[in-house]
Amino acid sequence: MIIIGGGLGGLSTGCYAQMNGYRTRTFEMHELPGGCCTAWDQGEFTFDWCVSWLLGSGPGNDMHQIWLELGALQGKEMRDFETFNIVRGRDGRTVYFYSDPDRLQEHLLWHSPVDARLIRDFCAGIRTFKKLLNAYPFLKPVGLMRPWERWRMLAAFLPHFNTIRKSLTTLMTDYSARFKDPLLREAFNFILYERHASFPVLPFYFQLAAHAGRTAGVPQGGSLGLARSIEQRYLRLGGEITYNAKVDEVLVEDDRAVGVRLSDGSEHRADIVVAACDGHTTVTKLLDGRYLNETYRRLYTETIDEPGQVYPGYVSAFFGLNRPYPDADPCTTHLLTPQEATDLVGVGEHPSINVQFRSRHYPELSPAQTSIVFVTFFSDTDVWRQLVEGPEQASRVRKGELLHTLRVRRGRAYYAAKRQVRNALLGLLDQRYPGFAEAVVAHDIATPLTQIRYTANYDGSIAGWQPFVDGGETMEKELEKHGPVLPGLANFYLAGVWTTIGGLIRAAASGRHVVQFICRDDGRPFTADIDDAAPPTQVVVPVPAKPSPASAAEGHPSVLTRQGA
């Protein structure tokens with residue numbers, strides 16, 4: 001088996017294939033495993049780009065089992081936080097979205113007693129989903145479930161049908177509009193760091209419930225550490241991975257995938273080919289648009305370019321500081337005025353920035369008495385494209401080796417825009433965290449085009465198809481009906497985030513699922529086992545001390561500002 005792509009979907013596919021007796025070789029364009037799950041060094045600092053919370057970090061659910069089967073968490077400390085996110089309004093008032101729904105309810109009621117009914121309803125939904133997490137199926141794709149397995153899955157959800165139905169059919173933008181308090185009305189849309197206009201209430205319940213159940217923490221060693229752990233599990237199972245190897249074409253003979261051709265012209269043959277890379281690249285370039293039924297043709301030539309169908313790209317800024325900020329909250333979304341957002345290139349009509357003191361998540365990635373700050377905002381890729389003079393991606397030889405993700409020259413306008421973003425963020429952060437600007441000793445700015453350079457993801461998308469809209473819904477139905485294949489092409493399968501909707505656990509689960517389909521097609525039983533290394537441990541990171549509702553009740557809720565934390 002040949003696997004295209006060494007991200008988490010590809011590594012997972014390789015692990016499960018090796019567990020089931022297949023000999024695999026993975027080709028990865030970059031020199032590192034993990035794809036979007038990555039980090040890089042800048043002097044003494046390691047800038048961690050991906051994991052802000054990891055679904056399945058704690059025990060008791062299918063997600064956790066998958067990570068243990070992949071060897072991702074063993075021997076590591078899982079860090080759970082007492083807040084999921086904090087949203088700071090333009091007037092300085094701050095809402096703490098606590099992991100504990102009881103504590104969250106008390107805090108929200110203090111903010112706005114007149115919204116008591118809606119607040120209690122929301123927190124009750126979190127408690128319901130906390131019960132549902134352990135029943136949510138990840139181990140087996142719905143398309144392979146027997147009728148009795150589907151009925152068992154539905155039976156687990158049936159007692160909570162009304163909560164699920166309401167949360168799935170009510171957009172968060174509509175739900176939040178019911179709040180009388182203006183800050184809560186806006187802040188609820190930013191619980192998941194950015195504003196997701198197409199999301200119903202359900203994913204908000206799911207993520208907060210996972211946090212409440214201590215199964216959405218962060219793993220010691222960070223994102224690249226997670227990818228490296230799975231890579232090592234894959235190698236121990238006998239898999240082979242080749243880096244700096246870019247696949248240009250899937251070789252097809254008599255409507256059967258028989259191997260791949262790399263950018264250096266070499267051909268590699270296999271009985272099975274699995275594409276765990278960018279979906280658009282796979283179907284339009286590696287296969288030159290062949291083997292697309294009407295559903296896939298519409299998805300990848302029409303739907304994909306409609307607004308809101310795929311996850312947008314990010315602008316990401318890292319700042320390494322020569323001082324600690326011990327009282328800084330781990331994660332805060334700051335709502336911005338239009339004037340404050342003027343220099344943030346590509347930012348949307350609801351401007352905000354998410355600020356993470358990454359050294360709170362991963363203290364091992366920076367020296368003692370220093371800090372790493374990670375700032376992100378959704379950004380329109382086309383705005384950045386208009387600034388570029390050169391190619392988005394280019395391969396060239398360095399020290400005798402052909403490399404595919406090296407920096408490319410993009411022109412003065414592009415670099416001027418990055419400096420503009422950096423300076424704007426420094427100004428904003430210095431106002432909120434006194435002394436910030438003068439403490440910066442290292443920095444880096446990444447745009448959606450950086451994402452394209454490293455992963456070839458379409459339009460710099462961070463996670464492929466968006467859920468709850470036509471693209472994601474259509475893809476799910478197609479996979480449930482036919483499996484992760486392309487019609488008319490034998491021995492070819494699809495894996496990774498473009499075959500599912502969601503983040504890292506979905507990518508990892510897709511590898512398990514595609515191997516289950518392959519085993520079915522080969523008439524062999526599927527098997528998987530847990531890596532027997534040392535189990536993970538869990539710790540809880542407390543919220544920094546701040547005024548209690550009782551002590552602050554005499555004043556306006558605005559006393560709960562960043563400065564008062």
Side-chain angles (χ1 to χ4, degrees), residues 5 7-9 35-36 141-143 167-174 189 192-204 206-207 275-287 289-314 346 348-350 378-382 385 448 451-452 455-487 489 492-510 513-514:
L8 262 58
C36 297
V142 175
S167 66
L168 187 58
T169 57
T170 305
L171 288 175
M172 176 53 84
T173 52
D174 295 334
N189 289 289
L192 302 183
Y193 298 3
E194 296 86 18
R195 189 177 189 272
H196 301 264
S198 64
F199 277 22
V201 176
L202 187 146
F204 294 82
F206 193 95
Q207 309 297 346
C277 52
D278 175 69
H280 185 267
T281 298
T282 298
V283 301
T284 65
K285 297 180 181 179
L286 303 188
L287 286 165
R290 296 169 292 170
Y291 305 104
L292 297 181
N293 61 12
E294 180 56 25
T295 299
Y296 279 120
R297 185 204 64 77
R298 183 172 63 84
L299 277 174
Y300 281 107
T301 63
E302 299 175 9
T303 306
I304 197 169
D305 289 320
E306 295 173 5
Q309 293 297 325
V310 299
Y311 279 96
Y314 265 131
E349 59 179 326
H350 301 278
F378 282 153
S379 181
D380 183 354
T381 304
D382 283 338
R385 279 199 171 108
Q451 172 84 337
I452 292 172
T455 68
N457 277 6
Y458 187 77
D459 251 6
S461 172
I462 58 172
W465 297 108
Q466 288 233 47
F468 314 113
V469 293
D470 182 49
E473 296 291 314
T474 301
M475 175 60 74
E476 279 200 319
K477 291 176 183 177
E478 186 72 10
L479 290 171
E480 186 175 335
K481 184 177 180 180
H482 298 295
V485 298
L486 291 178
L489 180 59
F492 182 82
Y493 297 84
L494 302 162
V497 293
W498 288 91
T499 65
T500 181
I501 49 174
L504 295 184
I505 184 56
R506 293 284 191 176
S510 77
H513 294 173
V514 74

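Note that the structure is a prediction, hence the values are computed from the model and not measured.
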*asked:* Suppose the criterion is salt bridge (charged side-chain N to carboxylate O under 4.0 Å, His left out): which pairs have a residue in residues 456-472, not counting sequence neighbours?
replied: Arg298-Asp470, Arg385-Asp459

_Approximate separation, where rounding is to 0.5 Å, of Tyr291 OH and Leu489 CG_ = 5.5 Å

*Quick one: side chain to side chain donor-acceptor pair (under 3.5 Å) partners of His350, sequence neighbours excluded?*
Arg195

*Listed partners of Gln207 passing side chain to side chain donor-acceptor pair (under 3.5 Å), at least two apart*: Trp53

_For a 4.5 angstrom cut-off between non-hydrogen side-chain atoms, does Thr499 reach His513?_
no

_Would you say that Ile462 contacts Cys36 through its side chain, given a criterion of any heavy-atom pair below 4.5 Å between the two side chains?_
no

*Once you round to the nearest 0.5 Å, how far does CG of Asn457 lie from NE2 of His280?*
12.0 Å

*CD-CD1 distance between Glu476 and Ile501, expressed to the nearest 0.5 angstrom*: 3.5 Å

*Taking only residues two or more places apart in sequence or in another chain, which ones pass salt bridge (charged side-chain N to carboxylate O under 4.0 Å, His left out) with Glu473?*
none

_Residues forming a side chain to side chain donor-acceptor pair (under 3.5 Å) with Thr281, sequence neighbours excluded_ = Asp278

*Evaluate the criterion side chain to side chain contact (heavy atoms under 4.5 Å, CB included) for residue pair Asn293 and Glu478; output intermediate values, then yes/no.*
CA-CA 10 Å; Asn293 61 12; Glu478 186 72 10; 2.8 Å; yes

*Shortest non-hydrogen contact between Ala276 and Gly9, atoms and distance*: CB-C, 4.0 Å

*Locate the shortest heavy-atom distance separating Gly496 from Ser510; write the atom from each residue and the value.*
N-OG, 2.9 Å

*What is the distance from atom OG1 of Thr381 to atom CD of Gln451, rounded to the nearest 0.5 Å?*
9.0 Å

*What residues form a side chain to side chain contact (heavy atoms under 4.5 Å, CB included) with Val469, not counting sequence neighbours?*
Ser198, Gln309, Gln466

*For Phe468, what residues pass the ring pair (Phe, Tyr, Trp, His ring centres under 6.0 Å) criterion, not counting sequence neighbours?*
Phe199

_Suppose we screen for ring pair (Phe, Tyr, Trp, His ring centres under 6.0 Å). Which residues come up paired with Tyr314, at least two apart in sequence or across chains?_
Phe378

*Heavy atoms only: give me the nearest Pro484-Val514 pair and the separation to one decimal.*
CG-CG2, 3.9 Å

*Mind checking what makes side chain to side chain donor-acceptor pair (under 3.5 Å) contact with Tyr458, not counting sequence neighbours?*
Asp305

*asked:* Going by the rule side chain to side chain contact (heavy atoms under 4.5 Å, CB included), which residues pair with Val310 if we only count those two or more places apart in sequence or in a different chain?
replied: Ile304, Ser461, Trp465, Trp498

*Roughly how far, to the nearest 0.5 Å, is the OG1 atom of Thr284 from the CG atom of Leu286?*
8.0 Å

*Which heavy atom in Gly503 sits nearest to a heavy atom in Val497, and how many Å separate them?*
O-CG1, 4.2 Å

*Which pair of non-hydrogen atoms, one from Pro448 and one from Ser379, has the smallest distance, and what is that distance?*
CG-O, 3.9 Å

*Distance from Leu494 atom CG to Tyr296 atom OH, nearest 0.5 Å?*
5.5 Å

*asked:* Please enumerate all residues that pass salt bridge (charged side-chain N to carboxylate O under 4.0 Å, His left out) together with Glu294, with sequence neighbours excluded.
replied: Arg297

*Of all residues at least two apart in sequence or in a different chain, which pass the salt bridge (charged side-chain N to carboxylate O under 4.0 Å, His left out) check with Glu480?*
Arg150

*asked:* Please evaluate residues Thr474 and Thr303 with respect to the criterion side chain to side chain contact (heavy atoms under 4.5 Å, CB included), reporting the C-alpha separation (whole Å), side-chain torsions for both, the decisive distance (0.1 Å), and the verdict.
replied: CA-CA 10 Å; Thr474 301; Thr303 306; over 6 Å; no

